[in-house]
Q: 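Got a structure for you, questions after.
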Amino acid sequence: MNQYYVLVPKNLNLDQRLSKFPPPFDFNKEYIYYFTSKLIEDIAYQNMDDSYDETPDNNKNDIDSMIKHYTPMCATINQNFFRDSKLHLDYLYLNLPNEGRFFWRKNYEEGACFSYRLPDYYWGSGELELISLSGQSIVNKIKKENPPFVENKVRKKFGFTINYFDTKRFELDEKSALKDLYAEYQKTGNYQKYLLNAVRLMNLKNGHYSFHYNPETDGRLHTALTQFPKICRKHLKYVKYDGEKLSEIDLSSSVPFILSYILYNYNTQQPTDLTTEINSKDLLYHYMLVKSSVKPSDKEIQYFKDLILNNKLYSYFMNDFTKLPHFEENFQKQFNRAFDGDEDDLRKYSKKRFLSMLFAKPTDYKHEQTVFRKYFPTINELLIKYKRKKFRGFKKSDWHKKLSYLTFQLESYFMVNVIAREINNTFKRKIPLFTLHDCIIVKEQHLDIVYKMIGDIFIREIGYSPNLTKKIWS
């Protein structure tokens, strides 16, 4: 059956209203569920770029603030999509005894459409559910309005990855995933993040895939899987493909590994020509300009590389990071609890602080920089100078992003353009695969053969393999 899934609050009780006050026309509940879902989707994308502030006052991302948002819904567009939309919306705007209004509305004014929002009493505790629509007429209209989006540059460079995204082959336990997302929201209080992740879950369930690729910035292939933020990716364990569990091969410490490769590459007698692998030649040009004035120590580079290949980089800084000012406060923010001595948590904390320092402006994470400089002074000097160097087409506040773009582009080159492409060609599309930045995702039955192949490719390409981990989603 042709279906489409929409998000609505669990507390929404449309049937009660229809039963007590039957409308004098043929009412289409599925249109209203879709309309409601569009309001929720619009709310989810509010304040996306604002960081979440845990203080209770004036927080734009908490539920009380977010559900006050009105969404413009043009009457002409609604009418074109669904002929009787005005009848439905006018009926739901009626202030009925003991029921109130189903929608609140800001009326039309010059330069602005009608805007709608759900009253507070329909949100309840804020928990959402996915409802399946099956009316073929409206489902076909919705799918026509929401086609998959694939950039032409993705088709040209990574077209082989697209056809694996087939809704008939994906199986997603959306109820379990939504339940976990809600439990996470109850811990963090960040309702905007909950809404956004729920919308992404809905899109995956509907096969509403979009594919993006910006070669001049991060150079990564962005798909329905990569668009799940890290906070939500653990819920992909509820995905099956062709009825089988999925699994992943992960490049451990991927960013430091790529960085060590760049450092090591340009300190050897016969470096690999990275200009064939980096999309933005200016990134390398500026790196080489800085490199010519700051020569990192061979000993430092080798030690940095050894720590990464032995999977010890993040643990190397743990003790120093615990002695920095505001450690307890920063740990509390990251884990929503006080530090209890758990070394695994401390390693995760160390990893986050290190990577944040690496990609931040030179004026930020000064304490962490001090720790890194103590052990790797010449590498630190190179990175700081690179992030401070003027860069064509970038405003000054974005100069520091050059380092992330350089490492991400090289990571993408290996993971998508070399490894994923070679797996696809070698097995003639008989091994479905997906990329998740520094991960290759395959079915469980293909895990071991792909794991070995990735290691072999790295050894062939650069002479050694990164530390790889494999995991079955369950």
Side-chain angles (χ1 to χ4, degrees), residues 51-52 184 187-188 193 218 220 226 228-237 248-263 300-301 303-362 364-376 379-380 383-384 387 400-401 403-408 410-412 414-415 436-440 465-471:
S51 59
Y52 182 64
E184 196 160 42
K187 292 178 182 177
T188 65
K193 185 71 73 176
D218 65 2
R220 287 174 158 179
T226 63
F228 269 54
K230 286 187 177 180
I231 196 173
C232 190
R233 284 177 194 165
K234 64 184 178 183
H235 306 296
L236 293 176
K237 65 186 178 181
E248 68 178 51
I249 300 100
D250 177 40
L251 197 164
S252 298
S253 306
S254 62
V255 167
F257 171 77
I258 295 296
L259 176 59
S260 71
Y261 171 62
I262 295 170
L263 293 167
E300 279 185 33
I301 293 173
Y303 190 41
F304 186 62
K305 177 184 169 187
D306 289 343
L307 284 174
I308 294 162
L309 294 182
N310 289 299
N311 205 25
K312 294 181 178 179
L313 179 68
Y314 302 130
S315 57
Y316 188 72
F317 301 107
M318 288 193 315
N319 289 336
D320 288 277
F321 282 175
T322 61
K323 298 172 185 175
L324 295 179
H326 312 296
F327 164 70
E328 292 83 2
E329 178 185 338
N330 291 330
F331 187 95
Q332 178 79 34
K333 280 186 178 180
Q334 182 174 335
F335 292 94
N336 294 305
R337 54 182 169 75
F339 177 56
D340 61 4
D342 187 290
E343 283 209 2
D344 188 49
D345 286 345
L346 188 54
R347 186 181 182 279
K348 291 175 184 176
Y349 174 83
S350 178
K351 175 181 177 179
K352 184 171 182 178
R353 302 304 291 186
F354 178 83
L355 293 178
S356 296
M357 173 207 71
L358 198 63
F359 289 153
K361 296 178 181 179
D364 296 336
Y365 292 90
K366 300 290 282 187
H367 296 300
E368 285 79 6
Q369 284 184 46
T370 301
V371 172
F372 185 65
R373 184 169 60 246
K374 180 169 73 170
Y375 300 105
F376 302 100
I379 295 177
N380 182 73
L383 300 182
I384 293 297
K387 289 194 283 186
H400 65 287
K401 293 181 181 179
L403 183 61
S404 64
Y405 293 164
L406 182 63
T407 55
F408 289 160
L410 192 53
E411 172 200 85
S412 178
F414 281 122
M415 301 306 290
L436 189 58
H437 300 325
D438 59 355
C439 293
I440 298 291
S465 175
N467 196 341
L468 300 172
T469 59
K470 52 185 177 180
K471 180 172 64 177

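Note that these values count all heavy atoms, side chains included, but never hydrogens, waters or copies made by symmetry.
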Q: Please confirm whether the ring centroid of Phe257 lies under 6.0 Å from the ring centroid of Phe414.
A: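 No - the distance between ring centres of Phe257 and Phe414 does not fall below the 6.0 Å cut-off.
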
Q: For residues Ile308 and Ser260, report the shortest heavy-atom separation together with the two atoms involved.
A: CD1-CB, 3.8 Å

Q: Indicate yes or no: at least one non-hydrogen side-chain atom of Tyr365 is less than 4.5 angstrom from one of Arg353.
A: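 Of all side-chain heavy-atom pairs linking Arg353 with Tyr365, at least one is under 4.5 Å.
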
Q: Can you check whether Ser350 reaches Leu313 side chain to side chain, under 4.5 Å on heavy atoms?
A: no

Q: My understanding is that only residues two or more places apart in sequence, or in another chain, count here; which of them pass side chain to side chain contact (heavy atoms under 4.5 Å, CB included) with Lys471?
A: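 If we apply the side chain to side chain contact (heavy atoms under 4.5 Å, CB included) test to Lys471, skipping adjacent residues, the hits are Glu248.
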
Q: With the side chain counted from C-beta on, respond yes when Asn467 and Asn310 share a heavy-atom pair under 4.5 Å apart, and no when they do not.
A: no

Q: Would you say that Asn330 contacts Gln334 through its side chain, given a criterion of any heavy-atom pair below 4.5 Å between the two side chains?
A: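 The answer is no; the side chains never approach within 4.5 Å.
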
Q: When you measure from the side chain of Thr407 to the backbone N and O of Val255, does any donor-acceptor pair fall under 3.5 Å?
A: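 Flag not set: sc Thr407 to bb Val255 has no pair under 3.5 Å.
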
Q: What distance separates Asp340 CG from Leu346 CG, expressed to the nearest 0.5 Å?
A: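 Answer for the CG-CG pair, Asp340 versus Leu346, is 10.5 Å.
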
Q: With a 4.5 Å limit on heavy-atom distance, are the side chains of Phe321 and Leu324 in contact?
A: yes

Q: Might you point out which heavy atoms bring Lys387 and Pro362 nearest each other, and give the distance in Å?
A: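 Closest heavy-atom pair between Lys387 and Pro362: CB-CG, 4.0 Å.
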
Q: Applying the ring pair (Phe, Tyr, Trp, His ring centres under 6.0 Å) criterion to Tyr349, which one of Phe354, Phe327, Tyr314 satisfies it?
A: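 Answer to the ring pair (Phe, Tyr, Trp, His ring centres under 6.0 Å) test with Tyr349 among Phe354, Phe327, Tyr314: Phe327.
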
Q: Looking at Ile379, is its backbone amide N or carbonyl O close enough to the side chain of Glu300 to form a donor-acceptor pair, meaning the two atoms are under 3.5 Å apart?
A: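 At least one qualifying donor-acceptor pair exists.
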
Q: So, Phe359 versus Phe408, ring centres under 6.0 angstrom or not?
A: yes

Q: Looking only at non-hydrogen atoms, find the nearest pair between Leu468 and Ser465 and report the distance.
A: CD1-OG, 4.2 Å

Q: Less than 4.5 Å apart, side chain to side chain, heavy atoms only: is that true for Met415 and Arg220?
A: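 Met415 vs Arg220: side chains apart.
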
Q: OH/Tyr303 to OH/Tyr375 distance, rounded to the nearest 0.5 angstrom?
A: 8.5 Å

Q: Taking all heavy atoms of Ile384 and all of Gln369, pick out the closest pair and write down the distance.
A: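 Where Ile384 meets Gln369 most closely, the heavy atoms are CD1-OE1, 3.3 Å.
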
Q: Stepwise, does the side chain to side chain contact (heavy atoms under 4.5 Å, CB included) test hold for Leu383 with Phe376?
A: CA-CA 11 Å; Leu383 300 182; Phe376 302 100; over 6 Å; no

Q: Using a 4.5 Å cut-off on heavy atoms from C-beta on, say whether the side chain of Asp345 contacts that of Phe331.
A: yes

Q: To the nearest 0.5 Å, what is the distance between NZ on Lys401 and CG on Leu403?
A: 13.0 Å

Q: Can you find a heavy atom in the side chain of Leu358 that is under 4.5 Å from one in the side chain of Leu259?
A: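 Yes, their side chains come closer than 4.5 Å.
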
Q: NZ/Lys323 to NE2/His367 distance, rounded to the nearest 0.5 angstrom?
A: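 The NZ atom of Lys323 sits 15.5 Å away from the NE2 atom of His367.
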
Q: Can you pull the salt bridge (Lys or Arg N to Asp or Glu O under 4.0 Å) pairs that have at least one residue in residues 305-321, sequence neighbours excluded?
A: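 Sorted result for residues 305-321: Asp320-Lys374.
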
Q: Whether Asp342 and Arg337 form a salt bridge (side-chain N of Lys/Arg under 4.0 Å from carboxylate O of Asp/Glu) is what I want to check.
A: no

Q: Hey, is the main chain of His400 close enough, under 3.5 Å, to the side chain of Lys361 for a donor-acceptor pair?
A: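 Not a single qualifying donor-acceptor pair exists.
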
Q: Closest heavy-atom contact between Pro466 and Leu309?
A: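 Between these two residues, the closest heavy atoms are CA-CD2, 4.1 Å.
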
Q: If every non-hydrogen atom of Ala338 is compared with every non-hydrogen atom of Gln332, which pair is closest and at what distance?
A: N-OE1, 3.1 Å

Q: To the nearest 0.5 Å, what is the distance between CD (Glu411) and OG (Ser404)?
A: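 Going from the CD atom of Glu411 to the OG atom of Ser404 covers 11.0 Å.
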
